[in-house]
Amino acid sequence: MRKMLAAVFSGMVQKPALRGLLSSLKFSNDITCDIKKCDLYRLEEGPPTSTVLTRDEALKYYRTMQVIRRMELKADQMYKQKFIRGFCHLCDGQEACCVGLEAGINPTDHIITSYRAHGLCYTRGLSVKSILAELTGRKGGCAKGKGGSMHMYCKNFYGGNGIVGAQGQVFETYNMSALWKLPCIFICENNRYAMGTATDRAAASTDYHKKGFVIPGLRVNGMDILSVREATKFAANHCRSGKGPILMELQTYRYHGHSMSDPGVSYRTREEVQSVRSKSDPIMLLRERMINNNLSNVDELKEIDADVKKEVEEAAQFAATDPEPALEEIADYLYHKNPPFEVRGAHKWLKYTSRS
Ligand SMILES: *[C@@H]1O[C@H](CO)[C@@H](O)[C@H](O)[C@H]1NC(C)=O
Ligand SMILES: *[C@@H]1O[C@H](CO)[C@@H](O)[C@H](O)[C@H]1NC(C)=O
């Protein structure tokens, strides 16, 4: 009897079953973590300053952040190898923002974002394969290879846009959303730099969480996935209970330059980047929390890292070899329904028919 069971665990059933059995003995199921108190604006109470983190959640967040980190580093490499052309903005360093956001809302909620969106594309459900193939402009890309870095979409996710909280418009939007009491969370992912200008050189006030005037705001440690998750849950409750919009500033950091043409070291020092990496890297912080509290151990996390590396390598292989979309398809999917294809000044394409 015993022998049979052992055979089942190690041979016929997958490894995780055995791992699960052993790990229940050696790992904690959940822990309570202290998180930094948020700065509040026009709010009497804010998100909690401690929260429970389960082992399953921790493993999931760790893996997701590692996938995004590796995917971005791969995109950097493929850009330099000229597989990727055009615009490309990487979000490594900011992983706790998209992963924490997704952990605090429901998949049925809607997200719209500016560029630097690859991480959100992944947390919204797109595969690494379809994201990298979109970056290389191939058929298997999530926008069929026609959108590239700034134009990726999926269910309840509306991209990927070129405009970043443009100064005038953002205030008009705050006003209208407050007037109409819209259930909307505005998120300012403050990575400390505009393209190449430090925030305090460009903004008379850097209290971004207060800039909605009548809209309540939170300033959140955007390097801590749990802080982002709890703040997001708080903000979502605020919206769902009919109190109107809320604004969150997530304080984070961008490791790469603004885009691929910016090495990112002419307006900040290498020491600054290095110091953020060594003191407040979002993946490192979660990793330490997990190991110090017996939620996981070095070996298990190494295994996840190896798995992630493999997944990203395979996706990159696909993105480099998948064919480009055919020229005849250039006019397809411009419209949701089926109007005749007619774009002003584009007569030479008129011979192509459009499919929706
Ligand atoms: C807010 O929006 C309303 C409606 O469009 C407009 O009349 C008003 O001037 C706006 N107020 C501010 C402060 O922008
Ligand atoms: C983690 O596990 C080790 C060995 O089982 C034990 O000595 C240690 O006290 C545990 N630490 C925590 C924080 O639970």
Side-chain angles (χ1 to χ4, degrees), residues 37-47 87 89 91 94 97-98 100-102 104-106 108-117 120 124 150-153 155-222 227-228 230-252 254 258 334-337 339 344:
K37 191 173 182 308
C38 296
D39 295 335
L40 307 181
Y41 175 67
R42 283 178 171 259
L43 287 167
E44 311 234 302
E45 255 183 283
F87 288 111
H89 307 86
C91 72
Q94 305 183 200
C97 298
C98 51
L101 169 65
E102 197 63 55
I105 58 171
N106 305 323
T108 47
D109 293 321
H110 302 264
I111 295 183
I112 183 165
T113 186
S114 60
Y115 59 76
R116 211 177 306 289
L120 265 175
R124 277 275 101 174
M150 294 209 273
H151 306 287
M152 299 187 191
Y153 312 90
K155 195 160 168 47
N156 299 329
F157 179 64
Y158 310 95
N161 291 283
I163 305 300
V164 209
Q167 287 293 317
Q169 282 95 327
V170 87
F171 294 110
E172 289 169 21
T173 310
Y174 288 159
N175 174 43
M176 293 305 292
S177 69
L179 269 177
W180 292 346
K181 280 207 161 196
L182 298 182
C184 176
I185 308 175
F186 291 100
I187 299 171
C188 165
E189 237 176 280
N190 178 6
N191 63 21
R192 294 207 229 163
Y193 296 91
M195 291 175 70
T197 311
T199 48
D200 58 358
R201 293 185 60 217
S205 160
T206 53
D207 288 341
Y208 294 99
H209 64 306
K210 298 182 181 172
K211 293 200 177 192
F213 302 112
V214 296
I215 300 178
L218 296 169
R219 176 177 263 166
V220 184
N221 176 6
S227 298
V228 178
E230 292 310 306
T232 304
K233 283 184 180 168
F234 175 89
N237 280 338
H238 176 97
C239 289
R240 294 192 213 284
S241 67
K243 293 184 190 158
I246 188 166
L247 173 52
M248 293 204 293
E249 174 189 348
L250 307 181
Q251 294 193 306
T252 182
R254 186 183 80 201
H258 165 71
L334 286 178
Y335 300 98
H336 172 55
K337 296 236 168 72
R344 227 183 333 155

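Start at 1 and go down the list; that is how both ligands and their atoms are numbered. Just so you know, residue 1 is the first one in the sequence shown, and it goes up from there. Below, each value reflects all heavy atoms present in this structure, side chains not excepted, and no hydrogens, waters or symmetry copies.
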Query raised in the report: Where's the contact between E172 and ligand 1, heavy-atom distance under 4.0 Å: side chain, backbone, both or neither?
Result: neither
Report summary line: Which of T252, T199, L250 passes side-chain contact (heavy atoms from CB on, under 4.5 Å) with N190? It is T199
**Report entry** L179 neighbourhood, listing ligand 1 atoms whose heavy-atom distance to it stays under 4.0 Å
**Finding:**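 Numbered from 1, ligand 1 contributes 2 (O), 3 (C).
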**Report entry** side-chain contact (heavy atoms from CB on, under 4.5 Å) evaluation trace for R219 with Y41
**Finding:** CA-CA 8 Å; R219 176 177 263 166; Y41 175 67; over 6 Å; no
Requested in this report: Output yes when a protein non-hydrogen atom is found under 4.0 Å of atom 11 (N) of ligand 1, and no otherwise.
Outcome: yes
Requested in this report: Please indicate, with yes or no, if any protein heavy atom is found under 4.0 Å from atom 14 (O) of ligand 1?
Outcome: yes
Query raised in the report: Are Y115 and F87 an aromatic pair by the rule of ring centers under 6.0 Å?
Result: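 No, too far apart.
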**Report entry** Protein heavy-atom partner closest to atom 3 (C) of ligand 1 - residue, atom, separation in Å
**Finding:** N175 ND2, 3.5 Å
Query raised in the report: Quick one: nearest non-hydrogen protein atom to atom 4 (C) of ligand 1, plus distance?
Result: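 Looking at atom 4 (C) of ligand 1, the protein heavy atom closest to it is M176 SD, 3.6 Å.
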**Report entry** Side-chain donor-acceptor pair present, H258, Y193, cut-off under 3.5 Å
**Finding:**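 Judged by distance alone, the side chains do not pair up.
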Report task. Give me the ring orientation class for F171 and F213: parallel if the planes are under 30° apart, tilted from 30 to 60°, perpendicular past 60°. Result -> tilted
